[in-house]
Peer 1: 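I'd like to ask you about the structure that follows.
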Protein chains: 2
Amino acid sequence: MANQLHLSIDRSSPVPLYHQVVQGIEAAIHTGLLEPGSRLENEIDLAAQLNLSRPTMRKAMDELVRSGLLVRKRGVGTQVVSSQVRRPLELSSLYDDLTNNGSKPTTEVLTFAHVEADDATRQALHLPAGAKVYHFTRLRKVGGKPLALMENWVRDDITHIDEELLGSQGLYGILRGGGVNFRLATQRIGAMVANEYQAPLLETEPGSALVTMERTAVDDTGRNVETGHHVYRADSYSFEMTLVQR
Amino acid sequence: MANQLHLSIDRSSPVPLYHQVVQGIEAAIHTGLLEPGSRLENEIDLAAQLNLSRPTMRKAMDELVRSGLLVRKRGVGTQVVSSQVRRPLELSSLYDDLTNNGSKPTTEVLTFAHVEADDATRQALHLPAGAKVYHFTRLRKVGGKPLALMENWVRDDITHIDEELLGSQGLYGILRGGGVNFRLATQRIGAMVANEYQAPLLETEPGSALVTMERTAVDDTGRNVETGHHVYRADSYSFEMTLVQR
DNA sequence: AACATCCTAATGTCAGGACAAACTATTGAC
DNA sequence: GTCAATAGTTTGTCCTGACATTAGGATGTT
């Protein structure tokens, strides 16, 4: 079963070896070199072929299993999952998703204020009484079509934010530029019908379906940096994800 | 910084050591023994205290980082995330979620058929032409209140399914009983407004908001076992998840 | 031919060590 | 006093080695 992965490992690269393996196998699956359902060679032989240790090989496969591309069974082997799997939902911003997708989103800042945080915001961001936050609402369009209406609250002790900045780039880009390393976010996805305020902005009818998302993001120092409440036109947006059994 | 985790490791237990550590730290966080934002001792000392090797300790912390409870920074240390983190979205069924939650869901089977798969279903389940599937719709209530309207298509070569079975337990429970080990699922979450068919069943008004979910589940042999299209009352259900930066 | 038993292959778990890279805080020089 | 070099701490990566556990086929018995 010479599976001829022709992966090449570059030991002088700063990219960790296990990650090079991950990328190599991902590529092999996407190019069809590794067909869905096919079995891989066992971990030990694969490691030997690439002059890697088994733990390193195993760590690479762990990631691929976690992301849903591979399936392992003890005593049997490892095989490529037959279904075409998309990337699991990652911590990314709408703006990044759209630009990565080749679209050119535009952002219109509807309101902008630097105000004292209300109770709900203080609780969401773990702020003391009297702390101030940036509070703003934005309308995001892609291809001239409105897609999302976003209301956010952001700590003001990270980086300066103003209306002009928000109009020119995504919020997460601004915050990353201010030194924030996002680590995780909790979010809740639901639905509502468009009200009189939302409908005209999103160029739809009151009563049409909207996808709602509430999110709070945490950075690597444990600070709750940002919380927001977004609504999306249901006919233009939905959340796609891959769930992996642990 | 004697953090007194008083974890006890049982080496005779069939539970892997690293998982015992995971459970111990999770418990410490949930009981408040480890406060949000507090730093843990370093990996090596913790491992030594529990008479474990560093890789084992590290594997445990890896899982906790992945699930969002801990945050690591090279050169600095590991700390408990300040926000209260919920479990990441796992591959679970609505029925399981409800029963684990202490609720007593009831299921009403609206339609049931054993029919030849249509094109869309054949494609979703990777079935050959002429293959047959179980096709059924169910209404799930909890506390007498309707919550979800579910339409599913299931391969018929796994286990026998009938109307009575579906009324008494969850679909995933039936399939697991039939020897299926679920591994992953891809799903898409969106929104729609209730139509004339859905509204009376869900005891709501036409035009009210519904959360929609489409899911296809894959088992450990790579078979696409089940695909379904569910709608939930938006006022009673939403999807909550934790996203972790990779 | 049907069944139970053994064997093999593969993944799962665990240990102990070594060095690299990144961040902090201290120390030193100007 | 301010800034830069340095040392120390902690996580990140990688290695070798060992044994346990499981699934499934092969073997042998009834």
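Letters A, B, ... mirror the listed sequences (proteins, then strands); counts begin at 1. The model shown is predicted, which means the values in this text are computed figures rather than measured ones. Just so you know, these numbers use all the heavy atoms, side chains as well, and skip hydrogens, waters and symmetry mates.
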Peer 1: Taking only N and O in the side chain of B/Thr78, is any of them less than 4.0 Å away from OP1 or OP2 of D/dT11?
Peer 2: yes
Peer 1: Can you check the A/Asp62 CG to D/dC14 C1' distance for me, whole Å?
Peer 2: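 It is 15 Å, rounded to the nearest whole Å.
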Peer 1: For B/His135, what residues pass the ring pair (Phe, Tyr, Trp, His ring centres under 6.0 Å) criterion, not counting sequence neighbours?
Peer 2: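 For B/His135 the ring pair (Phe, Tyr, Trp, His ring centres under 6.0 Å) partners, ignoring immediate neighbours, are B/Trp153.
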Peer 1: Name all residues meeting the ring pair (Phe, Tyr, Trp, His ring centres under 6.0 Å) criterion together with B/His114; count only those two or more places apart in sequence or in a different chain, and write none if there are none.
Peer 2: B/Tyr134
Peer 1: In this structure, how many angstroms lie between the P atom of C/dA9 and the CG atom of A/Leu40, rounded?
Peer 2: 19 Å
Peer 1: Would you please name every residue forming a salt bridge (Lys or Arg N to Asp or Glu O under 4.0 Å) with B/Arg140, sequence neighbours left out?
Peer 2: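 Once residues adjacent in sequence are excluded, B/Arg140 has no partner under the salt bridge (Lys or Arg N to Asp or Glu O under 4.0 Å) criterion.
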Peer 1: For B/Arg72, check side chain to side chain contact (heavy atoms under 4.5 Å, CB included) against everything at least two apart and list the hits.
Peer 2: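 Listed in chain order: B/Glu43, B/Arg58, B/Met61, B/Asp62, B/Val65, B/Thr78.
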Peer 1: What integer distance in Å separates A/Leu70:CG from C/dA10:C1'?
Peer 2: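 Rounding to the nearest Å, CG of A/Leu70 and C1' of C/dA10 are 15 Å apart.
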Peer 1: When the distance from CZ of B/Arg39 to P of C/dC23 is rounded to whole Å, what number comes out?
Peer 2: 15 Å
Peer 1: Roughly how many Å is it from CD in A/Glu43 to C1' in D/dT16, rounded to a whole number?
Peer 2: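 From A/Glu43 CD to D/dT16 C1': 16 Å.
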Peer 1: Is there a side-chain contact between A/Arg138 and A/Asn152 (heavy atoms, below 4.5 Å)?
Peer 2: yes
Peer 1: Expressed in angstrom and rounded to an integer, what is the separation of B/Arg72 atom CZ from C/dT24 atom P?
Peer 2: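 Between P of C/dT24 and CZ of B/Arg72: 17 Å.
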Peer 1: Each nucleotide N or O in nucleotides 13-16 of chain C that has a protein N or O under 3.5 Å away: list the pair and distance.
Peer 2:
residue : atom : partner : partner atom : Å
C/dT13  : OP1  : B/Tyr18 : OH           : 2.8
C/dT13  : OP2  : B/Tyr18 : OH           : 3.1
C/dC14  : OP1  : B/Leu17 : N            : 2.4
C/dC14  : OP2  : B/Leu17 : N            : 3.2
C/dC14  : OP2  : B/Tyr18 : N            : 3.3
C/dA15  : OP1  : B/Arg11 : NH2          : 2.7
C/dA15  : OP2  : B/Ser53 : N            : 3.0
C/dA15  : OP2  : B/Ser53 : OG           : 2.9
C/dA15  : OP2  : B/Thr56 : OG1          : 2.6

Peer 1: Between atom CG in A/Asn42 and atom P in C/dG12, what is the gap in whole Å?
Peer 2: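 The answer, rounded to whole Å, is 12 Å.
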Peer 1: Residues in salt bridge (Lys or Arg N to Asp or Glu O under 4.0 Å) with B/Asp119, at least two apart?
Peer 2: B/Arg122
Peer 1: To the nearest Å, how far apart are A/Ile9 CD1 and D/dC14 P?
Peer 2: 10 Å
